[in-house]
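Report on the following structure.
Computed over heavy atoms, backbone and side chain alike; hydrogens, waters and symmetry mates excluded. Both ligands and their constituent atoms are indexed starting at 1 by order of listing.
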Amino acid sequence: MKAKEIIATLEKKYGHEKEYLQAVHEVLESIEDVYNQHPEFEKARIIERLVEPDRIFTFRVTWVDDKGDVQVNTGYRVQFNNAIGPYKGGLRFHDSVNISILKFLGFEQIFKNALTSLPMGGGKGGSDFSPRGRSANEIMRFCQAFMTELWHNIGPDTDVPAGDIGVGAREIGYLYGWYKKLAREHTGVLTGKGLTWGGSLIRPEATGYGGVYFVQHMLQEKNQGLKGKTVSISGFGNVAWGAAQKATELGAKVVTVSGPDGYIYDKTGLDEEKIAFMLELRASGNDIVAPYADKFPESVFYAGKRPWEVKVDIALPCATQNELNGEDAKKLIANGVSLVAEISNMGCTPEAIEAFQKAKVNFAPGKAVNAGGVATSGLEMTQNAAHLNWPAEEVDGKLHQIMSSIHQACVDHGKQKDGYINYVKGANIAGFMKVARAMLEQGVV
Ligand code: 2IT
């Protein structure tokens, strides 16, 4: 395989899909050497098959808003690869959603899911509908219209969607209710369900918790710990709050949160009361953060800015793709950052990653760091299939184990001669090898 040639072919075909090309580029660059040591991969055209989704569904979603006006959105499901298990991955509801973003997310999901060691393939879906500013009734009608189109293409052994940006417990509830009505089956077809109807304890906080457990391992590798470290976090959605809570619990000081309106710098650090305030603000349908500074006068709100200009030991992007660019990386490095871990998917641009690696900053990519979310979805699937519920300690214990084994896989495949751990390379190689071998064993399909 020549990574450059494959990328050139994809650029010709999908030149406008920049996030998808970015994600493919990163993986191919990492695995090229290992791939070329396996002529059987080349013979079976593993990489050409892997970069193209198995299939993509696109559908119109029509619904009526509270004013009685008809609204039209586009829905998608990308079934990317099911070599090691049913397609698995979230649904994103946000006005920025397009096919490039969902293909990048679906592609990343293949390797992330492989890293969890659980039997899950890669998929992703969503819509250009944004729940922000919509009433609960509007969201319900949208979810029902969306599921009317999607339901016959998913199933507990076929494709199991979950949440992502804009899809939390409320949306999963509406989607599940409508699936159940259409399929006449109460089955584990979605994850992130409510606790009384098949959901798993720890799933809501799992992405953030898992991310912080991964960071603990990165620190341990250098004989360090989280205690006393200052941490900047971006966002305050499904992912950031779990990260903020766990990092705080383990003795770190989280000094930023952010939203579409700007960021908050709180030099005294988040605590339980502040996290509860942010969760309430979110539950009211707001993802802005400015009210935090009104409530807690020791903090400052910076309108329209991102938190990467703050001097910290650890930076954790938790919001969305490409939210930390080369310039941000330079600022963090100049301010002496020692560890950056993406909890968002592809949170850093290629320029930012290159800058961190050049400066030997301990850096790890989303597909390893945030895999605890989908791993706990996998644990929810196991509980559903066995018709039982595990206690929180059992789920959390398994999550710990999984994050530790992902970290070890990254070290095994990414440790360089000088001792620097290239987690990007490690994660990509470990995830890829598992999927490639499964594809090879299953023949040309
Ligand atoms: O990006 C992700 O891994 C998720 N949004 C979670 C996917 C899942 O199926 O739990």
Would a line drawn from the ring center of Tyr176 to the ring center of Trp197 be shorter than 6.0 Å? yes

Are the ring centres of Phe129 and Phe142 closer than 6.0 Å? yes

Need the list: ligand 1 N/O atoms against protein N/O atoms, distance under 3.5 Å, rounded to one decimal.
| unit_1 | atom_1 | unit_2 | atom_2 | d |
| --- | --- | --- | --- | --- |
| ligand 1 | 1 (O) | Lys112 | NZ | 3.0 |
| ligand 1 | 1 (O) | Lys124 | NZ | 3.0 |
| ligand 1 | 1 (O) | Asn345 | ND2 | 3.0 |
| ligand 1 | 3 (O) | Gln109 | NE2 | 3.0 |
| ligand 1 | 3 (O) | Lys112 | NZ | 2.7 |
| ligand 1 | 5 (N) | Lys124 | NZ | 3.4 |
| ligand 1 | 5 (N) | Gly163 | O | 3.0 |
| ligand 1 | 5 (N) | Asp164 | OD1 | 2.9 |
| ligand 1 | 9 (O) | Lys88 | NZ | 2.6 |
| ligand 1 | 10 (O) | Arg203 | NH2 | 2.9 |
| ligand 1 | 10 (O) | Ser377 | OG | 2.6 |

Identified salt bridge (charged side-chain N to carboxylate O under 4.0 Å, His left out) partner of Glu380 from the options Lys193, Lys88, Arg203: Lys193

Is it the case that the side chain of Asp261 and the backbone of Val289 share a donor-acceptor pair, with hydrogens and angles ignored and the cut-off at 3.5 Å? yes

Answer with yes or no after comparing the ring centroid distance for Tyr209 and His400 against a 6.0 Å cut-off, counting only values under it. no

Does Asp287 use its side chain to pair, donor to acceptor, with the backbone of Pro260 at less than 3.5 Å? no

